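One structure below.
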There are 2 protein chains.
Amino acid sequence: MIGLKERVLLVEDEPGIVKGLSHSMERDGYQVTSARDGEEGLRLALQTKPDMIILDLMLPGMDGLSICRELRQRPQTRDIPIIMLTAKRDDVDRIVGLEMGADDYVTKPFNTRELLARMKAVMRRMKRRTDEEDARINAGVLTIDPEARIATKSGAPLPELTAKEFDLLHLMALHPGRVFEREDLLRIVWGMEHYDTRTVDVCVGRLRKKIEDNPAKPVFIVTRWGVGYTFNPEG
Amino acid sequence: MIGLKERVLLVEDEPGIVKGLSHSMERDGYQVTSARDGEEGLRLALQTKPDMIILDLMLPGMDGLSICRELRQRPQTRDIPIIMLTAKRDDVDRIVGLEMGADDYVTKPFNTRELLARMKAVMRRMKRRTDEEDARINAGVLTIDPEARIATKSGAPLPELTAKEFDLLHLMALHPGRVFEREDLLRIVWGMEHYDTRTVDVCVGRLRKKIEDNPAKPVFIVTRWGVGYTFNPEG
DNA sequence: TTTCTTATGTCATACTCATGTTACAAGATA
DNA sequence: TATCTTGTAACATGAGTATGACATAAGAAA
């Protein structure tokens, strides 16, 4: 389950690569900022504190390694994961090795899909492997199993939930009692591309049909009039 | 066939080495935990029961040899393979280390690739012994024999499965009910070599043709729409 | 209370995109 | 060499979902 868009800083001087990569990354849901040289990259990194930095080793002015070192020295940027783009395979050991502290690297010419896969992997590593999100949830008679993506009521299996339905239920059950506005749910579960909040109502409706005894009088997913929805574990 | 990520415990006090090694190991598909000194290492070993331990001989507090001895004495950790890191090439200790029950050793400064190769070798040796993954799986009418890499249905042999097909089936059958995303399967079964998730679909399709009565209505490898696949042992 | 306004519930349908499937080429194996 | 495996691309299909219309319920105002 994903929260808001991850912000990526791309430090690369070749316009063609910047253009292509930005596009691909945005397609994958990242918010991309780019810098043409090292100084600008460093400045932007400090200013915007991105969630991840893609750094070309060969840059005009300050080279990638110096930037990497700088970034690792300053407390504001110390923990931001860095993926290096490098031309030569020989550079690899220096980069990843003990000193520089890049989190991963990709050698040019690189496969865009590979870079995206590594970005995702790095993100996964960064994101606290909070077991909380993987743990089974017991909410009164309802049980939610994120591993199998199945919900049961009093031990009896419920109708299969679709992806969105399950994510919605899981998110709300993780925070019982908390009121979620429709916009929150759209952002978190849907990934923010949609602006029609009525979409949420319909999904809630379908979900209720599957988990509530009487969908007309819901007891788990409760409407908070004028605000949104809340999950009531008591049922 | 490798199951989920192998968990490695790295006991090493130098942060640079920890960072570099963790990265390389994770890149090779291991899940790395690290401890800064001997006591912590021992505690973590007992707690988490890793699949392998990389142990620096020179450590603050309890030294590597004592830990090795401790680990070999306790039944919970007796069978965990250990690779020693030693500083001096002509260190007599390394012999003692092997006598103490380390499975292999690497001298510092070491080549990361060499260490990874040794880890792999140790793992391969070890895996022969781990029953869990080698044990025959009975999933309803399906039987999966990892040793012979053969699957049978109701006793009758199925068409021969290719390497990828078998690994895929084996992994999923080891965790019935669990939903695997395509990217999980790519990471685990394919390693990091491939990035096109459609590859998984095609492999699943081929596998279904061989194990399902009606591949159009699969009962073993079930699609979870918008998420991935899951293995249903009932059939 | 009654009426009015607005938010929410519900339904039907079209559309989008994930998945199934096939074919082919490249790579691996023998 | 020939054969088998596997990744990639292209096309076909269908599940899931967005959308708009309408119905209903909640709260506000009279």
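Just so you know, these numbers come straight off a predicted model, no measurement behind them. First the proteins, then the strands, lettered A, B, ... as listed; each starts at 1.
Considering only the side chain of Tyr229(A), dT8(C) comes nearest among dT8(C), dA18(D), dT6(D). The side chain of Arg198(B) sits closest to dA10(D) out of dT8(C), dA10(D), dG20(D). Closest approach to the Asp201(A) side chain among dG20(C), dA15(D), dT8(C) is made by dT8(C) (side chain taken as heavy atoms from C-beta onward).
Rounded to whole angstrom, the span from the CZ atom of Phe166(A) across to the P atom of dT17(D) amounts to 14 Å. Atom pair Leu168(A):CG and dG16(D):C1' shows a separation of 15 Å (rounding to whole Å applied). In this structure, CZ of Arg224(B) is placed 18 Å from C1' of dG20(C), rounded to the nearest angstrom. Put simply, NZ on Lys210(B) is 8 Å from P on dT6(D), counting in whole angstrom units. Here the C1' atom of nucleotide dA18(C) and the CG atom of Leu185(B) are 16 Å apart, to the nearest Å. If you take NZ of Lys217(B) and C1' of dT13(D), they are 12 Å apart, rounded to a whole angstrom. When rounded to the nearest whole Å, the span between CH2 of Trp225(A) and P of dT8(C) equals 6 Å. Between the NE2 atom of His194(B) and the C1' atom of dT5(D) there is a distance of 12 Å, rounded to whole Å.
OP1 or OP2 of dG7(D) sits under 4.0 Å from a side-chain N or O of Trp190(B). OP1 or OP2 of dT17(D) has not a single side-chain nitrogen or oxygen of Thr199(A) nearer than 4.0 Å. Side-chain nitrogen and oxygen atoms of Arg182(A) include at least one within less than 4.0 Å of the OP1 or OP2 phosphate oxygen of dT8(C).
Along DNA chain C, the nucleotide closest to Pro215(B) and the one closest to Arg208(A) are compared, and the more 5′ of them pairs with Arg208(A). Between Cys203(A) and Thr162(B), it is Thr162(B) whose nearest contact on DNA chain D lies nearer the 5' terminus. The 5' end of DNA chain D is approached more closely, in terms of each residue's nearest nucleotide, by Arg113(A) than by the other of Lys164(A) and Arg113(A).
Screening Thr199(B), Thr197(B), Asp201(B), Asp196(B) against Arg182(B) for a side chain to side chain donor-acceptor pair (under 3.5 Å) leaves a single residue, Asp201(B).
Contacts of Val227(A) with the nucleic acid, taken as non-hydrogen atoms under 4.0 Å apart, involve only primed sugar atoms and P, OP1 or OP2. At the heavy-atom level, Gly226(A) lies under 4.0 Å from the strands shown only through sugar-phosphate atoms.
Residues Tyr229(A) and Asp184(A) bring no donor and acceptor atom of their side chains to less than 3.5 Å of each other. Side chains of Thr152(B) and Arg136(B): a donor-acceptor N/O pair is absent below 3.5 angstrom, by distance only.
With a 6.0 Å radius and a threshold of 12 heavy atoms from other residues, nucleotides or ligands, Glu26(A) has its CD atom above the threshold. Within a 6.0 Å radius of CD in Gln47(A), more than 12 heavy atoms belonging to other residues, nucleotides or ligands are found.
The two residues Tyr195(B) and Leu186(B) make their nearest non-hydrogen contact at C-CD1, 4.0 Å. Nearest heavy atoms, Leu65(A) versus Met84(A): CD2-CE, 4.0 Å. Pairing each heavy atom of Leu142(B) with each of Lys153(B), the nearest pair is CD2-CB, 4.1 Å.
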message = Strictly under 4.0 angstrom, non-hydrogen atoms only: write out the protein contact profile of nucleotides 22-30 of chain C, one letter per nucleotide from the 5' end, B, S or -.
response = BB-------
